[in-house]
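To start, the structure under review is shown below, and the notes come after it.
All of these numbers come straight from a predicted model, not from anything done at the bench. Whatever order the structure lists ligands and atoms in, that order sets their numbers, starting from 1.
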Amino acid sequence: MSENESLPKHIGIIMDGNGRWAEQRSLPRIMGHREGYKTLRNILLFASDVGIKFLSVYAFSTENWKRPKDEVDGLMSLITQAAIDELRVMHQNNVRVRTAGRIHELPESLQIALERGVETTKNNSGIGFTLCINYGGRAEIVDAVKSILHDGVQPDENAISQRLYNPDLPEPDLLIRTAGEMRLSNFLLWQGAYAELVVSQKLWPDFTKEDLLDAIQQYRLRIRKLGALANG
Ligand code: IPE
Ligand code: IPE
Ligand code: MG
């Protein structure tokens, strides 16, 4: 991985398969989410070491509220605890934490933990880590359109881009989905318009550093045309 310029600058990950990982072991689904959180910690620090500038992960979608209450409650407390426990490691590793989603609809203790993480790390210059939580690509576009109406400006692409949850982030170059599913499930619909998609068969708790390098390698072999012709 020597040619830094062909590394994706921004990687998005749809971390899928936690439930299946647990079910395969006859464990409660929340155990899969717990294991998935450990994977995330390793992958984030590894992505930072490899030289990835931005990592955005899908932790909870606007549709995930439809799951049984005990799973939703379990996920909320797991993420709250993780946000509290990991802050020191994030800060020590110069990680800048951001969130994306309708944060104000989350439990208050989680909002406070997230806000603390964002505030504490806001001047860090290392990898930009975005936790997409209560996130939906459609909701994000709706929120941007509401802001356009409120501001009374011309509704062009630039006006929408500037009103996304994190307008300062570059668009993702590479979107990885684990657990074999070939769909976006409402992740980064606007920003991912020209992202390269890589699907891994691995369930998220089983996803390794090698799997990340493999996805990056697949990305490097793609020819990105962005609507033009390959040879310019
Ligand atoms: C992804 O794992 C995590 C969340 C959606 C919160 P799943 O819980 O969707 O795992 P599967 O798809 O049931 O295996
Ligand atoms: C997408 O996974 C959401 C997250 C990974 C947080 P889902 O498991 O919710 O997506 P579907 O239901 O399979 O499309
Ligand atoms: Mg799933």
Side-chain angles (χ1 to χ4, degrees), residues 10-44 47 54-83 85-86 97-103 105-107 109-111 113-114 117 129-143 164-166 169 172 174-192 195-208 211-212 215:
H10 184 179
I11 299 180
I13 306 184
I14 302 174
M15 308 181 291
D16 199 16
N18 293 349
R20 274 164 279 179
W21 185 93
E23 281 157 20
Q24 283 175 1
R25 290 163 179 76
S26 306
L27 294 169
R29 292 176 56 87
I30 193 68
M31 296 301 286
H33 296 310
R34 222 172 268 285
E35 208 57 32
Y37 149 53
K38 291 187 204 160
T39 300
L40 173 56
R41 184 207 282 141
N42 292 335
I43 293 295
L44 168 61
F54 301 95
L55 181 74
S56 297
V57 301
Y58 207 4
F60 193 90
S61 75
T62 48
E63 288 73 43
N64 286 147
W65 299 106
K66 294 180 204 161
R67 296 190 179 197
K69 187 177 183 315
D70 66 334
E71 182 170 349
V72 170
D73 290 350
L75 269 166
M76 292 301 151
S77 49
L78 173 66
I79 300 169
T80 306
Q81 200 55 50
D85 294 347
E86 296 301 325
V97 181
R98 292 178 178 83
T99 59
R102 289 182 172 163
I103 303 301
E105 293 172 359
L106 293 168
S109 54
L110 177 50
Q111 289 187 43
L114 292 173
F129 171 62
T130 306
L131 190 69
C132 302
I133 174 164
N134 193 21
Y135 175 85
R138 288 179 179 177
E140 182 175 33
I141 294 167
V142 169
D143 290 348
L164 299 175
Y165 295 135
N166 291 294
L169 290 183
L174 167 62
L175 285 184
I176 301 171
R177 182 165 187 151
T178 58
E181 241 64 76
M182 296 203 187
R183 52 176 173 263
L184 291 174
S185 301
N186 206 8
F187 190 49
L188 301 180
L189 296 183
W190 180 273
Q191 305 88 321
E196 295 295 331
L197 308 179
V198 169
V199 172
S200 164
Q201 295 305 313
K202 290 273 189 85
L203 304 177
W204 175 248
D206 294 327
F207 194 80
T208 62
D211 295 321
L212 184 71

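The residue from Q24, H33, E63, R20 that puts a heavy atom closest to atom 12 (O) of ligand 1 is R20.
Shown here for T39 and W204, the closest heavy-atom pair between the two residues is CG2-O, 3.3 Å. In this structure, N186 and R138 approach most closely via the heavy-atom pair OD1-N, 2.9 Å. Between D206 and W21, the shortest heavy-atom distance links the atoms OD1-NE1, 3.1 Å. Pairing each heavy atom of L174 with each of A195, the nearest pair is N-CB, 4.5 Å. L131 and A59 make their closest contact through CD1-CB, 3.8 Å (heavy atoms, listed as atom of the first residue, atom of the second, distance). Between G180 and Q201 the shortest heavy-atom distance is CA-OE1, 3.6 Å.
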TODO: Assess whether side-chain hydrogen bond (donor to acceptor under 3.5 Å, both in side chains) is satisfied between H33 and E71, documenting all intermediate values.
DONE: CA-CA 9 Å; H33 296 310; E71 182 170 349; 2.8 Å; yes
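If you check which protein heavy atom lies closest to atom 9 (O) of ligand 2, you get N64 ND2, 2.9 Å. Scanning the protein for heavy atoms near atom 6 (C) of ligand 1, the closest one is A59 O, 3.4 Å. Considering only non-hydrogen protein atoms, atom 5 (C) of ligand 2 sits nearest to M15 O, 3.5 Å. From the protein, the heavy atom lying nearest to atom 10 (O) of ligand 1 is G19 N, 2.9 Å.
Counting heavy atoms closer than 4.0 Å to ligand 1, residue L203 contributes nothing at all. For R67, every heavy-atom contact with ligand 1 shorter than 4.0 Å involves the side chain, none the backbone. Looking at F60 against ligand 2, only its backbone comes within 4.0 Å, counting heavy atoms.
Remark: W190 CH2 to I141 CD1 distance equals 6.5 Å, nearest 0.5 Å.
Distances shorter than 4.0 angstrom do not occur between any heavy atom of E181 and any atom of ligand 2. Using a 4.0 Å cutoff on heavy atoms, A179 does not count as a contact of ligand 1. In this structure, E23 falls outside the shell of residues with a heavy atom less than 4.0 angstrom from ligand 1. Ligand 2 lies less than 4.0 angstrom from a heavy atom belonging to R177.
Within 6.0 Å of CE in M76 there are more than 12 heavy atoms belonging to other residues, nucleotides or ligands.
The shortest N or O to N or O distance between W21 and ligand 1 is not under 3.5 Å. For ligand 2, the polar-atom distance check against Y58 finds no nitrogen or oxygen pair separated by under 3.5 Å. For S61, no nitrogen or oxygen atom sits less than 3.5 Å from a nitrogen or oxygen atom of ligand 2, counting backbone and side chain alike.
Within a 4.0 Å radius of atom 14 (O) of ligand 2, the protein has at least one heavy atom.
Within ligand 2, counting atoms from 1 as listed, the ones closer than 4.0 Å to a heavy atom of R183 are 11 (P), 13 (O), 14 (O). When each atom of ligand 1 is checked for a heavy atom of L75 under 4.0 Å away, the hits are 6 (C).
Using a cutoff of 4.0 Å between basic side-chain nitrogens and carboxylate oxygens, E35 and R25 are not scored as salt-bridged. Note on R29 versus D70: no salt bridge recorded, every NZ/NE/NH1/NH2 to OD/OE distance being 4.0 Å or above.
Take the N/O/S atoms of D16: the one nearest the Mg ion (ligand 3) is OD1.
Annotation: cation-pi pair R67/W65 absent, no NZ/CZ under 6.0 Å from the ring centroid and within 45° of its normal.
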